[in-house]
Amino acid sequence: MLNLPTPSQKRIALRVTSAAERAIKRGHPWLFESAITEQSHQGKAGDLAVIFDKKRKFLAIGLYDPDSPIRVRIVQRLKPATVGQTFFKAKLDAANALRQPLRDAKQLTNGYRLVHGENDGFPGLVIDRYAATYVVKLYTPAWFAHLNDVLASLPPSALSGISPQRGESQPHRVILRLSDRLKKNPFGLEDGMTLQGEALNAPIIFHENGLRFEVDPIHGQKTGFFLDQRENRARVEMLAKGKRVLNVFSYTGGFSVYAARGGATEVTSLDASKPATDAAERNFNLNFSPPPTPPDKRDESLTLPHAWGRLGGGTHKTITGDAFVEMARMKEEVQRFGMVIIDPPSFARKASQTEGALNAYQKLTKLGLDILNPGGILVQASCSSR
Ligand code: SAH
């Protein structure tokens, strides 16, 4: 057990504006500081706050965060509950059960988001699973006081449904990732530290829809891989056949590998980070045979994991460079693609950055369209919540 703070025995009682009351009733998972009209006493991060309605009836309970405008993150509405290990375990079990179809699927998937923050009743907390490793990412210090309860509730058999022959029988490992605000904390918790199990000494290889990917959950972005794009990657696979595909902001090549399996004739992964494009290259090698032989020299009896080459002699190229510069260059060189994927990092972390972000998105859309064949497909994503 980690030596962490415990929530105060004394719950904070709150009353809120009518608008906030309505929002919470409808299921909004946050209570903003500005919506609090009465508060019993001050508290520390992770203390439990009970919100009462106009008739002084229980409305919701959540985790208190004195240093954030999101003052309470709600974990239970309408029906009172005791928030503790049993409570969190029930929620984790429900989240795990929801993901059962992934584990049952014909095409192996053992990397997925087990807990998707607010959507699974864990506001400000994400748990990703990569094969036998869980990566717990915290976005609010309010979780420190409840972390031991969460860890003790992790499904011990996250590995159920996957046969041990596939190298899945080892006990699980838990790695902690912290958002920037939490990196300095008085509890000795460090970003990337191993909380349970053996320390990692190599990237983890996990499967998604039968494809293999490596992930570095200690140094990688977020928890190491953008598992939340799984369904979009599958969609790209369905649309890529016969196309020359450009994946901009490719990171470790998730969309690229799917496009290749979908029958793209050529895939280019473009990212500013050399470690990312190197990882994209390795992810291709994990899934596809080395450069395909010409059709007349091909040994048809050879079954490769995914014989991408057979679908038209596909190749994978990487470009390490700036997306805006490289796409403008391609436009000048009259390079054209049948599919352009643009999934950039967040451009607006603060409200003051939204205008600049909108400009950047507009620029990217124009550049993407400029290098797209008529009738081609532009896939664009945004992770700027603002
Ligand atoms: N599409 C990826 C996730 C993208 S994360 C996936 O599905 O996995 C954002 C990526 O953009 C990072 O890998 C980062 O290195 C890259 N990046 C940030 N600024 C960039 C720029 N100006 N040009 C190219 N790549 C950039």
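Indexing begins at 1, ligand by ligand and atom by atom, following the structure's order.
Of the protein's heavy atoms, Q221 NE2, 3.1 Å lies nearest to atom 12 (C) of ligand 1. With hydrogens left out, the protein atom closest to atom 2 (C) of ligand 1 is F249 O, 3.3 Å, a heavy atom. Protein heavy atom at the shortest distance from atom 10 (C) of ligand 1 is D271 OD2, 3.5 Å. Nearest to atom 18 (C) of ligand 1 among the protein's heavy atoms is P345 CG, 3.6 Å.
Per-residue contacts place S273 under 4.0 angstrom from the following atoms of ligand 1 (heavy atoms of the residue considered): 15 (O). Close approach to A323 involves these atoms of ligand 1, each under 4.0 Å from a residue heavy atom: 21 (C), 23 (N), 24 (C). Heavy-atom contacts of D343 reach the following atoms of ligand 1: 1 (N), 2 (C), 3 (C), 4 (C), 6 (C), 7 (O) (cutoff under 4.0 Å). Atoms of ligand 1 found under 4.0 Å from any heavy atom of F255, numbered from 1 in the order shown, are 7 (O). Below 4.0 Å from some heavy atom of Y251 lie the following atoms of ligand 1, by number and element: 2 (C), 3 (C), 4 (C), 8 (O), 13 (O).
Below 30°, between 30° and 60°, or above 60°: for F284 and F288 the angle between ring planes is between 30° and 60°, a tilted geometry.
With D65 as the fixed residue, the salt bridge (charged side-chain N to carboxylate O under 4.0 Å, His left out) test singles out one of R71, K44, R73: R73.
Shown here for I175 and G192, the closest heavy-atom pair between the two residues is CG2-O, 3.9 Å. Heavy atoms only, all atoms of each residue included: R230 and Y112 are closest at NH1-CB, 3.8 Å. Closest of all the heavy-atom pairs between L200 and R173 is CD2-NH1, 3.4 Å. Contact detail for A381 and Q229: the closest heavy-atom pair is CB-NE2, 3.8 Å.
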Worksheet item: Step by step, would you call E237 with R233 a salt bridge (Lys or Arg N to Asp or Glu O under 4.0 Å)?
Response: CA-CA 6 Å; E237 175 176 7; R233 282 190 281 274; over 6 Å; no

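Taking only nitrogen or oxygen atoms, main chain and side chain alike, A272 reaches within less than 3.5 Å of ligand 1. The shortest N/O to N/O separation between Q229 and ligand 1 does not fall below 3.5 Å.
Proximity of D322 to ligand 1 is established by a heavy-atom distance of less than 4.0 Å. Judged by the shortest distance from any of its heavy atoms, G321 lies inside the 4.0 Å radius around the atoms of ligand 1.
At a heavy-atom distance under 4.0 Å, only side-chain atoms of F226, from C-beta outward, approach ligand 1. When heavy-atom distances to ligand 1 are checked against a 4.0 Å cut-off, F225 has no atom that comes that close, whether in backbone or side chain.
Residues D149 and K89 have side chains not in contact (no heavy-atom distance under 4.5 Å, counting atoms from C-beta outward). The shortest distance between side-chain heavy atoms of Y134 and H172 falls below 4.5 Å. The shortest distance between side-chain heavy atoms of L151 and V174 falls below 4.5 Å.
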